[in-house]
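Predicted model, so just to flag it, every value in this text is computed and none were measured.
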Amino acid sequence: MWWGGRGQSFNIAPQKEEPEMGLSGPKSVQGTGMPEPRSRQLGSCLASGGLPGEQILAWAPGVRKGLEPEMPGTLICSNLRVTFQPHGWQRSQVTMAIVQARAQNSPAQQYAGITLSQAGQSSDSRKPPIPLLETIEDWETERKKQAARGWRVSTVNERFDVATSLPRYFWVPNRTLDSEIRRAFGHFHQGRGPRLSWHHPGGSDLLRCGGFYTASDPNKEDIRAVESMLQAGHSDVVLVDTMDELPSLADVQLAHLRLRALCLPDSSVAEDKWFSALEGTRWLDYTRSCLRKASDISVLVTSRVRSVVLQERGDRDFNGLLSSLVQLLSAPEARTLLGFQSLVQREWVAAGHPFLTRLGGSGASEEAPVFLLFLDCVWQLLQQFPAEFEFSEFFLLALHDSVRVPDTLTFLRDTPWERGKQSGQFNNYTQVYTPGFPGAGNSINPQLSVWDWNLRYSNKQILQFRNPGYDPEHCPDSWLPRQQPSFMVPGPPSSVWLFSRGALTPLNQLCPWRDSPSLLAVSSRWLPRPAISSESLADQEWGLPSHWGACPLPLGLLLPGCLGPQIRLWRRCYLRGRPEVQMGLSAPTISGLQEELSHLQELLRKWTPRISPEDHSKKRNPNTILSQSR
């Protein structure tokens with residue numbers, strides 16, 4: 001049998017019957033065909049580095065390919081992870097696994113028995129817990145943190161009778177009544193009406209909503225309420241067609257499958273054609289498209305005081321991706337470790353991103369790793385602006401791998417309603433256990449979240465989550481005084497714009513019902529698509545038109561490069577199954593750096609005889625080196 005995943009492949013001898021094994025060793029080894037001493041060795045091997053509460057479900061001997069020579073060992077599947085243990089493995093060795101989860105608790109303390117108060121105690125007493133946004137107090141605290149004075153927390157969806165995919169609470173304009181919200185949200189796809197995602201300190205508001213529901217027939221009062229929520233108290237409103245120029249969900253899924261297949265150690269692609277095959281996966285193209293569009297939206301938000309509305313039909317995928325990237329580009333507080341975790345919790349988990357379906361856990365055919373695409377975009381920003389982010393690549397890797405760790409409900413449900421029902425949060429719902437449902441069962445502690453890192457990582461590993469190159473001067477308090485948004489200018493009075501294909505086009509109205517029902521599907525069909533402007537959006541916004549006035553690029557705004565060589569492959573993530581490729585990727589310890597230096601020196605000695613004297617002279621020429629590196 002062949003098995004592969006996360007850039008690794010194995011040849012495995014199938015077993016007819018697997019033993020049940022605990023941390024102290026195998027409970028039964030009958031019928032496995034494997035000698036009992038070997039089974040005990042396997043159990044003691046995992047016991048030395050196992051997770052509290054971990055139980056082995058199945059195991060099989062095999063060979064890990066892609067190494068010279070190939071490495072024999074055993075593939076082990078537990079209730080928490082899948083791991084490959086090489087023969088002769090010892091605790092003192094350093095492996096290539098980026099995320100090796102080990103809790104600091106004693107083995108006698110079972111993982112499922114840890115209380116929420118214990119989970120909230122971080123190894124760093126100065127860091128507050130991550131707000132899960134499950135209570136009205138959490139939302140009110142977050143609203144005050146953003147200084148969104150024109151907004152309030154609505155309780156209209158407290159019983160999930162407006163939309164099960166929305167959180168119980170969200171932000172709406174102060175003057176909008178809950179009765180108006182209930183009626184207005186009924187005219188949007190899946191009941192996901194316009195809500196505040198982020199209030200810019202300069203005065204702009206970033207909103208997100210679903211597509212207009214074509215079968216609805218709103219009255220004048222409902223249309224007035226919808227327009228009031230979209231305007232959010234601003235005279236200048238920009239509707240953003242989210243899916244314009246972005247890949248479809250099917251495109252993202254296909255690109256990810258091609259990328260994973262290409263990065264396997266036993267990939268059939270020849271070495272001289274590997275980079276062209278990488279380009280053919282389209283994954284880097286889609287990453288580039290997301291960053292480019294997020295940069296344009298950031299310019300819209302930061303150039304002048306206005307309401308910017310992200311509109312996607314389902315409002316559960318690329319709206320969250322773009323909203324998160326815009327905040328990372330525009331708000332330094334979102335680039336801190338705490339701020340980024342709060343951002344993911346708010347824009348992805350609480351906002352109802354269908355993690356289970358998109359990651360293939362529900363058995364549906366709507367798989368698309370949109371969240372993994374977002375993490376790749378964040379990694380690109382981290383490479384281009386290394387001093388702007390408090391978290392490191394190791395943190396992104398831990399978060400990347402945590403989406404498939406079945407120990408919490410954070411990434412194992414599609415909606416806040418499902419997550420709350422499973423955790424027993426709602427007393428008026430009956431907790432349901434679905435046999436065979438991923439994450440259901442004893443392995444989940446519903447009181448824990450993915451942000452309880454100290455339950456799966458040592459203090460030493462958690463320290464690597466912080467970026468040593470982070471510049472403290474970029475802390476939020478030194479960025480921009482909220483009381484002096486001097487770089488922002490108001491937009492023209494009563495202006496409505498459609499942002500599509502990199503250009504702004506004026507609209508006559510916000511809502512499409514006034515003209516023709518045929519214009520209800522998506523915002524990009526309201527008007528013919530404009531030609532792509534030869535000028536960047538930044539030039540248009542800060543230089544044109546003249547009566548808007550020009551203003552400098554605001555401090556704290558990041559505009560990433562999106563040209564071909566500026567978007568790179570996340571090697572440490574996708575090529576982790578190839579140890580020879582991992583060499584030189586910033587080893588975290590002095591001994592690791594010494595090993596890599598020795599490895600590079602050995603390679604240099606091997607390559608030196610192959611270089612002619614003419615090549616040596618070219619290599620010593622700095623201009624030649626620069627030209628070759630481009």
Side-chain angles (χ1 to χ4, degrees), residues 6-8 96 98-99 245-247 251-252 254-265 267 269-296 298 321-322 324-325 328-329 335 340 369-401 464-465 467-470 558-588 596 600 603 625-630:
R6 298 183 184 276
Q8 300 178 355
M96 288 306 300
I98 301 300
V99 182
E245 296 185 299
L246 291 187
D251 293 335
V252 174
L254 180 59
H256 189 252
L257 291 177
R258 289 175 174 174
L259 178 66
R260 290 181 58 186
L262 179 64
C263 293
L264 289 175
S267 175
V269 178
E271 185 176 355
D272 58 340
K273 297 182 180 179
W274 197 89
F275 285 102
S276 60
L278 174 62
E279 183 180 358
T281 65
R282 302 296 306 278
W283 182 262
L284 297 183
D285 288 338
Y286 298 155
T287 304
R288 182 180 296 107
S289 300
C290 294
L291 287 174
R292 183 186 297 115
K293 185 144 193 173
S295 299
D296 289 343
S298 300
L321 183 147
L322 290 176
S324 301
L325 289 180
L328 285 172
L329 294 175
R335 304 170 205 151
F340 182 78
V370 181
F371 183 69
L372 302 186
L373 178 63
F374 162 69
L375 293 182
D376 199 317
C377 293
V378 178
W379 180 83
Q380 303 290 341
L381 297 177
L382 186 60
Q383 302 309 299
Q384 295 192 25
F385 307 99
E388 300 284 345
F389 292 85
E390 186 183 19
F391 53 87
S392 68
E393 179 185 15
F394 292 99
F395 170 77
L396 293 179
L397 282 166
L399 188 57
H400 179 281
D401 293 346
Q464 295 184 27
F465 287 179
N467 175 21
Y470 177 65
L558 306 181
L559 293 180
C562 298
L563 298 178
Q566 294 172 307
I567 304 299
R568 302 158 54 190
L569 175 67
W570 191 0
R571 291 194 299 162
R572 195 187 289 276
C573 179
Y574 303 120
L575 296 177
R576 69 180 72 187
R578 297 186 176 186
E580 70 279 3
V581 179
Q582 298 292 333
M583 286 295 183
L585 294 183
S586 63
E596 293 187 2
L600 293 175
L603 290 178
I625 296 176
L626 288 176
S627 62
Q628 291 177 348
S629 63
R630 294 173 182 172

Are Asp285 and Arg288 ion-paired here, with the side-chain N under 4.0 Å from a carboxylate O?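 Yes.
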
Electrostatic pair Arg576:Asp401 at N-O distance under 4.0 angstrom: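 Salt bridge flag = yes for Asp401 with Arg576.
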
Do the ring centers of Phe465 and Phe391 come within less than 6.0 Å of each other?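 Centroid distance Phe465-Phe391: not below 6.0 Å, so no.
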
Are there more than 12 heavy atoms of other residues, nucleotides or ligands under 6.0 Å from atom CD of Gln383? yes

With the side chain counted from C-beta on, respond yes when [X] and [Y] share a heavy-atom pair under 4.5 Å apart, and no when they do not.
X: Val370; Y: Leu321; answer: yes
X: Phe374; Y: Pro369; answer: no
X: Trp379; Y: Arg568; answer: yes
X: Leu322; Y: Lys293; answer: yes
X: Pro560; Y: Gln384; answer: yes

When rounded to the nearest 0.5 angstrom, what is the spacing between [atom1] in [X] and [atom2] in [Y]?
X: Leu373; Y: Cys290; atom1: CG; atom2: SG; value: 4.5 Å
X: His400; Y: Leu372; atom1: NE2; atom2: CG; value: 4.5 Å
X: Leu284; Y: Cys562; atom1: CG; atom2: SG; value: 12.0 Å
X: Leu246; Y: Ser289; atom1: CG; atom2: OG; value: 6.5 Å
X: Asn467; Y: Leu396; atom1: CG; atom2: CG; value: 10.0 Å
X: Leu375; Y: Gln380; atom1: CG; atom2: CD; value: 12.0 Å

When you look at Leu381 and Leu558, which way does the side-chain contact (heavy atoms from CB on, under 4.5 Å) test go after all the steps? CA-CA 9 Å; Leu381 297 177; Leu558 306 181; 5.9 Å; no

Is a donor from one side chain sitting under 3.5 angstrom from an acceptor on the other, for Glu393 and Trp570? yes

Intermediate values then yes/no, side-chain contact (heavy atoms from CB on, under 4.5 Å), Leu569 and Leu259: CA-CA 10 Å; Leu569 175 67; Leu259 178 66; 4.0 Å; yes

Short question: side chain of Arg335, backbone of Leu328 - any donor-acceptor pair under 3.5 Å?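 Yes, because the side chain of Arg335 sits within donor-acceptor range (under 3.5 Å) of the backbone of Leu328.
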
Under 3.5 Å: donor-acceptor pair, side chain of Gln566, backbone of Leu563: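 Looks like yes, one N/O pair under 3.5 Å.
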
Heavy-atom closest contact (Val252 atom, Pro247 atom, distance): CG2-CG, 3.8 Å

When every non-hydrogen atom of Ile567 is compared with those of Gly561, the smallest separation belongs to CD1-O, 3.8 Å

Given Trp283, which of Asp376, Leu278, Asp251 fulfils the side chain to side chain contact (heavy atoms under 4.5 Å, CB included) condition?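 The option that passes is Asp376.
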
Among His256, Arg258, Arg260, whose side chain to side chain contact (heavy atoms under 4.5 Å, CB included) with Thr281 holds? Arg258

Who passes side-chain hydrogen bond (donor to acceptor under 3.5 Å, both in side chains) against Ser324, sequence neighbours left out? Trp348

Are Phe340 and Phe395 close enough, and set up right, to give a side-chain contact (heavy atoms from CB on, under 4.5 Å), and what steps lead you there? CA-CA 11 Å; Phe340 182 78; Phe395 170 77; 3.5 Å; yes

